[in-house]
Amino acid sequence: MKRFFLAALAFLTLTLLLTGCKKETASDDKIKIGLNFELSGDVAQYGIAEAEGAELAIEQANASGNFDKEIVAIKYDNAYNAAETSAIITRLATEDKVSGVIGPAVSGMAMAQYQAGNQYGVVMISPSATADAATLDANGNAYDFAFRACFIDSYQGAAAANFVARDMEKLKAVVIYDSGSDYAIGLYNTFSEKFTALGGTIVAAEAYIDSDTDFSAILTKINGEDFDVIYIPGYYNQAGLIIKQARELGIMVPIVGPDGFDSPTLVDLAGASNLNDVYFTTAYSNLSTDPDQAAFIEAYKAKYGKEPNMFAALGYDATNLLLAAIQQAGSSDPAAVQQALLNISGFKGVTGTITFDEYHNPIKPVLMVKLVNGEQAESIEVQP
Amino acid sequence: MKRWLTLPTLCWCVFAIGLYGLLQLLIEIGVISVVWQITLANIGINVILAVSLNLILGISGQFSLGHAAFMGIGAYAGGIVLKMLPGYTGMLLGALAGLLISALAALVIAVPTLRLRGDYLAIATLGFGEIIRIIINNMKITNGAAGLSNIPAVANLTVIYFTIVLTLIIVCNFKNSAPGRACISIKEDEIASEAMGIPTTRYKVIAFVLGAMLASLAGVLYASSFYVIKPTYFAFAQSINILVIVVFGGMGSMTGSVVAALVLGVINYLLQSLPNERMIVYAVAIILIMVFRPKGLMGNFELSFARLKSLQDIKALPALWKDKILAVLARLKNKRQKEDA
């Protein structure tokens, strides 16, 4: 019994020490920005990358001297849990009294946050909540304070269809999609809609689930069909295996995917030699020769010792959008920041130029990246 | 009627209403902020989940790994009805639908699988949980993998608080009833209780269905508190989270489930700003408990007013506690003297 109390005491002290040392002192001479991200749980890799991008942006803004007050980030982990997301946005808005919130990374969390946070009147920008309806309330209007820095799924699906039908001139497509992912289903729907409108036909649509590792049944089945391109809306972990198994079966047609392909793991899974004639749509590519982007890549590498990915770039852009709005508003009052954000036009970020439409979705270019031997060889802008 | 109006029952009523009053007072004067209200709502939902799983696991000894699925059924029933009919009526109808569907689903799974024991049952319920999730994932009305969003938030702390009270009344009374005793005997020794003439499968099914229905209530509250539900929220990991609370608090102790949900909820809140340390501290907390208190925080302890027979007993309580504390202190002192010597 005594030992137990000692252990419990030690544990409590440890917890308090850990939480104590991070306590921010409340003061008005700082601009506070809330970061609400999935830093643990299933999708932590996106949340962590975006938080890194956001923190880099804040560090640079502090160093730039453009702000007379110090900017501080208050970061919380929502653990990919809607209940915690609601609690965190409330905490940021009512206790920390932040000027704006960046995050979360995935659409489900963003929806929970937008609905909870809108009533507190605090600006929220999600770097990568791509679901079409994420910023919309039950009546289909955008929440006043909900924004995002990424293009929406239907935009990306349509851009892929446009690229396949117009640029590649392939009109017979097979779609292999993840039936358990809203992201994949959304992309599949918009792709097929646009593709058929452009005169293409979907020869076959095959579904898999995210725990599948053997796709030979699907691939053997489609091998008998007459098609000239495969579209795989889904994430790299299955797409990598599908590409590998397809190429090994001798299916050499071009393969097109969404930004879910954008991971080094794709190369590990598919094998570099199988990644030829593979394309994917994305918001960001390290290939660009744009000087601003080069500076971002340089700074990111210096701070974190690795190349930034799309999520880091989106987190960086979302934060810079918020900072630009704060600067334009000349105040860190959330209502003023929201107005400034609505008026922003032609904001130049590393993922393209951003202007918000009436649904608070950014109008920005989609990049189509071509892989050659697993390396990103070229990227071109495509229209949805 | 007379049997119900006993002193312990009265004490519980006073306790429950008093605690509610205290909660409201603290909210009113601003001690419990909006953030804590949301955190408490989440903790409350976890309490209901843990108590309902404790009924299956702690009282009748059946190892179920599919508890989140019943929560999911409730959440979706509540979410769908609420979206059509915002307000308390919608929540009530949703809760009824959730209770009905989860009872049916629990019956369907319970009758064949509760003949299994131990590991086999765990695997069967695990599989069942996945089936429910995949069905939800593929239905039109549930909006598939994207889940439901923009669910009106009608649940508040009051609703959650009284659902907890209701759950505790049901489960604690069940524990002390004849079927409850039968369930405990099944947990202790299934063969022996069968030999005593207890229809084991029947009582296991009763406990399982009751637990499932209460979990669906928690699901309804979740959907009407946190705006968004997705099939992935009700996967295996959520079942494990509930299981952790039950084991942490002590299997069979409802007091333990309540305390554990509170403790884990508060630890979780404190660690929100420390993502890296979060998993470690949370895990270390659980390991520490399991090392030093293998039976959970509370073991078999149950907060109870049952020993109070008359008003005199209440008056005598302070003296009794004083004696107890003195006895413990004396024992500690003795022990130290022995160690010194």
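Each chain gets a letter, A, B and so on, in the order its sequence line appears, and its residues count up from 1.
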When you look at B:Gln272 and A:Asn78, which way does the side-chain hydrogen bond (donor to acceptor under 3.5 Å, both in side chains) test go after all the steps?
-> CA-CA 7 Å; B:Gln272 262 170 3; A:Asn78 64 36; over 6 Å; no
B:Met91 atom CE, neighbour heavy-atom count above 12 within 6.0 Å | yes
Under 4.5 Å to a heavy atom of chain B? For A:Ala79 that would be both
Verdict with reasoning, A:Tyr114 to B:Val228, per side-chain contact (heavy atoms from CB on, under 4.5 Å) | CA-CA 11 Å; A:Tyr114 289 154; B:Val228 179; over 6 Å; no
Spacing of B:Asn150 atom CG and A:Gln115 atom CD [to the nearest 0.5 Å] | 5.0 Å
Value rounded to 0.5 Å, distance of OG in B:Ser273 from CD1 in A:Ile88 = 9.0 Å
Answer with side chain, backbone, both or neither: which region of A:Ala87 has an atom nearer than 4.5 Å to a non-hydrogen atom of chain B?
-> both
Spell out, as yes or no, whether a donor-acceptor pair under 3.5 Å connects the side chain of A:Arg91 to the backbone of B:Trp36.
-> no
OH/A:Tyr359: more than 12 non-hydrogen atoms of other groups inside 6.0 Å | no
Counting only heavy atoms not in B:Lys83, do more than 12 fall under 6.0 Å of its NZ?
-> yes
With a 4.5 angstrom heavy-atom cut-off, could you sort out which part of A:Ser40 is near chain B: side chain, backbone, both or neither?
-> side chain
Interface check, chain A: of B:Val34, B:Asn268, B:Ile38, most non-hydrogen pairs under 4.5 Å belong to B:Ile38
Heavy-atom closest pair, residues A:Ala83 and B:Tyr222 = N-OH, 3.7 Å
With a 4.5 angstrom heavy-atom cut-off, which part of B:Tyr269 approaches chain A: side chain, backbone, both or neither?
-> both
Using a heavy-atom cutoff of under 4.5 Å, enumerate the residues of residues 93-108 of chain A that contact chain B, numbered in order, or state 'none'.
-> A:Thr94, A:Glu95, A:Gly108
CG of B:Asn156: more than 12 outside heavy atoms within 6.0 angstrom?
-> yes
Let me know if A:Leu136 has heavy atoms under 4.5 Å from chain B in its side chain, its backbone, both or neither.
-> backbone
To the nearest 0.5 Å, tell me how far B:Phe226 CZ sits from A:Gln113 CD.
-> 14.5 Å
Any chance you could measure A:Asn81, atom CG, to B:Tyr233, atom OH, to the nearest 0.5 Å?
-> 8.0 Å
Spatial distance of atom CG (B:Asn137) from atom OG (A:Ser179) [nearest 0.5 Å] | 7.0 Å
Part of A:Gln119 within contact of chain B (heavy atom distance under 4.5 Å) | side chain
Looking at CG of B:Leu274 and OH of A:Tyr76, how far apart are the two atoms once the value is rounded to the nearest 0.5 Å?
-> 10.0 Å
Flag if over 12 foreign heavy atoms under 6.0 Å of CD1, B:Ile141 = no
Against chain A, label B:Ile151 side chain, backbone, both or neither, depending on which of its atoms sit under 4.5 Å from a heavy atom there.
-> backbone
